[in-house]
Protein chains: 2
Amino acid sequence: MKHATLTPEELHAVYLFSGLNENQLQAMLETAYSIELAPREILFEAGQSAGHFYLLRSGQIKLFSLSDSGDEKVVEIIYPGETFAEAITFMTQHNYPVSAEAISASEVISFDMNVFRRLLEESRETCMRLMADMSRRLRKRIAEINNLTLHNATYRLVVYLLEQIPPGVVELPEIHLGTPKSVIASRLSIQPETFSRILGKLARQKLIRVHQNTITLLDVDGLRALL
Amino acid sequence: MKHATLTPEELHAVYLFSGLNENQLQAMLETAYSIELAPREILFEAGQSAGHFYLLRSGQIKLFSLSDSGDEKVVEIIYPGETFAEAITFMTQHNYPVSAEAISASEVISFDMNVFRRLLEESRETCMRLMADMSRRLRKRIAEINNLTLHNATYRLVVYLLEQIPPGVVELPEIHLGTPKSVIASRLSIQPETFSRILGKLARQKLIRVHQNTITLLDVDGLRALL
DNA sequence: AGCCGGCTTTGACCCAGGTCAACTCGGCGT
DNA sequence: ACGCCGAGTTGACCTGGGTCAAAGCCGGCT
């Protein structure tokens, strides 16, 4: 763990900071530390007091909950350029609601939550930005709950596949799963076995072709028709 | 629908307003209108552009989503004194993510979202309050997702029962369901039939006694042991 | 090259809970 | 009082997807 320097591009990508003036930005940067995580290394655990929030620079992080019987549910998968754990800044009790673990070797930048909270009081703009973000997340969670309760496993998986289509691609979109299937399965609240079976079923129906971690969507309209 | 006057007690209960000064409060109150809803009457539907948020004065409101096959999932049940739909103030597209329908005859006070948003820019305190609230909701949703994915129907129902214990009661807590069982079932993502069966099962195990809408928790520790 | 360990897949089986249909019950209006 | 209606209950049945166990499969390491 060492003090981190961010490139201007990286900084620009952190939309949360775009409302800050020079001094404020400087204050945040002074709290920035780089943390290298090995695969399966844990960044924080649910319930821990939350003193930092994070920007993922490279690698992949999963945010997950554990039931007391040890079952794991991946709530969200974080990709490079995304920040996470900023929204708990305002918890009455400041502790993480989920755990975070590196899926692959990752580098995260940690920022001090207290400093950020102080800046928030000064910057109306950042405040608004954070609220918009939280609002978006809230809506995402509601959508997720609908998905879980109103739709079955195949539906959820197909939605996921369609979401992964790279923008602009029309013909035979190919999806490269950069994440272990078992993690995606958990994110979708599906057992790995079932995940595999559904993929098999869709392939048999000639809707997709599966090649290890590459999935080709042979018939996007056919997939849409399943929804 | 007529202009509404709120008692000081009611105003005090709206924690969102407690950061506002006299002028600001006055501005909000001027946008306050009272709406009477008959049972099953719809207040707003998912997707509608959101110009107001609400305070429930009496009755009960359910917030729910519909699948395109017409299945309904109750996301939240609102009780008197609670505000709802404030958190979407900051949606990039300002439309309601769920629908709202009166369960029983209800009176809601509507407030203007635009005026509130403007006040938010002036009142740091209210800003912070709203953020704290959104943060809490976000956490609640995550807990809900865990419940749905990590726990079964009996677990969810027992959790619900234990949550309903009136504060301070130790001996044989009685729970009066002020809400139709079918609505509670949907809130817990359980079918009415299953809901009824689980209640029957728990009664047979002498953990509870069911008398129409009154449930007596005969063995709280026994119930806790199921979790 | 050969082995090991972690994913992934496949098969067999099972069960929580959903679906469908019939029946009960309590409240309400006439 | 009666009949109706919607909510709740109960029974019979079914199935999506979870569980368990046994292979495959691939990539890294020695």
Side-chain angles (χ1 to χ4, degrees), chain A residues 38-41 60 62 67 69-74 77 101-105 147-158 160 175-204 208-215 226, chain B residues 38-40 60 62 67 69-74 101-105 147-158 160 175-204 208-215 226:
Chain A
R40 333 205 102 218
E41 192 173 344
Q60 295 181 127
K62 66 177 176 188
S67 76
S69 53
D71 298 317
E72 172 179 312
K73 157 67 183 166
V74 172
I77 305 173
E101 179 185 310
I103 298 174
S104 51
N147 245 334
L148 287 172
T149 56
L150 259 20
H151 302 302
N152 62 22
T154 302
Y155 185 106
R156 297 202 297 275
L157 178 42
V158 170
Y160 180 81
I175 295 164
H176 294 272
L177 304 178
T179 310
K181 288 183 184 166
S182 53
V183 176
I184 296 174
S186 172
R187 168 56 247 286
L188 298 174
S189 295
I190 301 175
Q191 240 36 50
E193 293 94 325
T194 306
F195 186 88
S196 175
R197 271 187 258 271
I198 293 175
L199 240 34
K201 185 185 67 183
L202 294 176
R204 234 172 298 118
I208 65 175
R209 175 180 303 129
V210 183
H211 238 232
Q212 304 187 159
N213 281 324
T214 304
I215 299 178
L226 293 181
Chain B
R40 330 204 103 220
Q60 295 182 128
K62 66 177 177 188
S67 76
S69 54
D71 297 319
E72 172 179 312
K73 158 65 181 167
V74 172
E101 177 186 312
I103 299 174
S104 51
N147 245 333
L148 287 172
T149 56
L150 260 18
H151 302 302
N152 61 22
T154 302
Y155 185 107
R156 297 202 297 275
L157 178 42
V158 170
Y160 180 80
I175 295 164
H176 294 273
L177 304 178
T179 308
K181 287 181 182 167
S182 54
V183 176
I184 297 175
S186 172
R187 167 58 246 285
L188 298 174
S189 296
I190 301 176
Q191 240 38 49
E193 294 95 324
T194 306
F195 186 87
S196 175
R197 272 187 257 271
I198 293 174
L199 241 34
K201 185 186 68 184
L202 294 175
R204 232 172 299 119
I208 64 175
R209 176 180 303 130
V210 183
H211 237 233
Q212 307 185 156
N213 282 323
T214 304
I215 299 178
L226 293 181

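Below, chains carry the letters A, B, ... as their sequence lines are ordered, and counting in each starts from 1.
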Sequence neighbours excluded, which residues qualify as side-chain hydrogen bond (donor to acceptor under 3.5 Å, both in side chains) partners of Ser104(A)?
-> none
Scan Pro192(B) against the nucleic acid and name what it touches under 4.0 Å (heavy atoms): base, sugar-phosphate only, or nothing.
-> nothing
Could you pull out all residues at least two apart from Glu41(A) that satisfy salt bridge (Lys or Arg N to Asp or Glu O under 4.0 Å)?
-> none
Under a 4.0 Å heavy-atom criterion, DNA chain D is touched by chain B from dA7(D) to dA12(D)
Compute the angle between the rotation axes at the two ends of the helix from dA1(C)-dT30(D) to dT30(C)-dA1(D), each taken over five pairs, rounded to 10 degrees.
-> 30°
DNA chain D: Gln212(A) or Ser189(A), which has the more 5' nearest nucleotide?
-> Ser189(A)
Would you tell me whether Ser186(A) and Glu72(A) have side-chain atoms, one donor and one acceptor, within less than 3.5 Å of each other?
-> no
Which listed nucleotide (dG17(C), dT8(C), dC20(C)) is nearest to the side chain of Glu193(B)?
-> dC20(C)
Nearest whole Å is fine: how far is [N] [atom2] from [X] [atom1]?
{"X": "Leu148(B)", "N": "dG17(C)", "atom1": "CG", "atom2": "P", "result": "12 Å"}
{"X": "Leu177(A)", "N": "dC7(C)", "atom1": "CG", "atom2": "P", "result": "15 Å"}
{"X": "Leu157(B)", "N": "dA16(C)", "atom1": "CG", "atom2": "C1'", "result": "15 Å"}
{"X": "Arg204(A)", "N": "dT9(C)", "atom1": "CZ", "atom2": "C1'", "result": "12 Å"}
{"X": "Lys181(B)", "N": "dG26(C)", "atom1": "NZ", "atom2": "P", "result": "12 Å"}

Does [X] have any side chain to side chain contact (heavy atoms under 4.5 Å, CB included) partners at least two apart in sequence or in another chain, and if so, which?
{"X": "Ser196(B)", "value": "none"}
{"X": "Gln212(A)", "value": "none"}
{"X": "Pro192(A)", "value": "Ser182(A)"}
{"X": "Ser189(A)", "value": "Lys73(A), Leu148(A), Arg156(A), Thr149(B)"}

Does Tyr155(A) have any ring pair (Phe, Tyr, Trp, His ring centres under 6.0 Å) partners at least two apart in sequence or in another chain, and if so, which?
-> His151(A)
By a strict heavy-atom criterion of less than 4.0 Å, which residues belonging to residues 194-202 of chain B are in contact with DNA chain C?
-> Thr194(B), Arg197(B)
Which pairs pass salt bridge (Lys or Arg N to Asp or Glu O under 4.0 Å) with one or both residues in residues 188-203 of chain A, sequence neighbours excluded?
-> none
Does some side-chain heavy atom of Ile184(A) sit less than 4.5 Å from a side-chain heavy atom of Leu157(A)?
-> no
Locate the shortest heavy-atom distance separating Leu188(B) from Phe195(B); write the atom from each residue and the value.
-> CD1-CE1, 4.2 Å
Are any protein N/O atoms closer than 3.5 Å to N/O atoms in nucleotides 28-30 of chain C? If there are, list each pair with its distance.
none

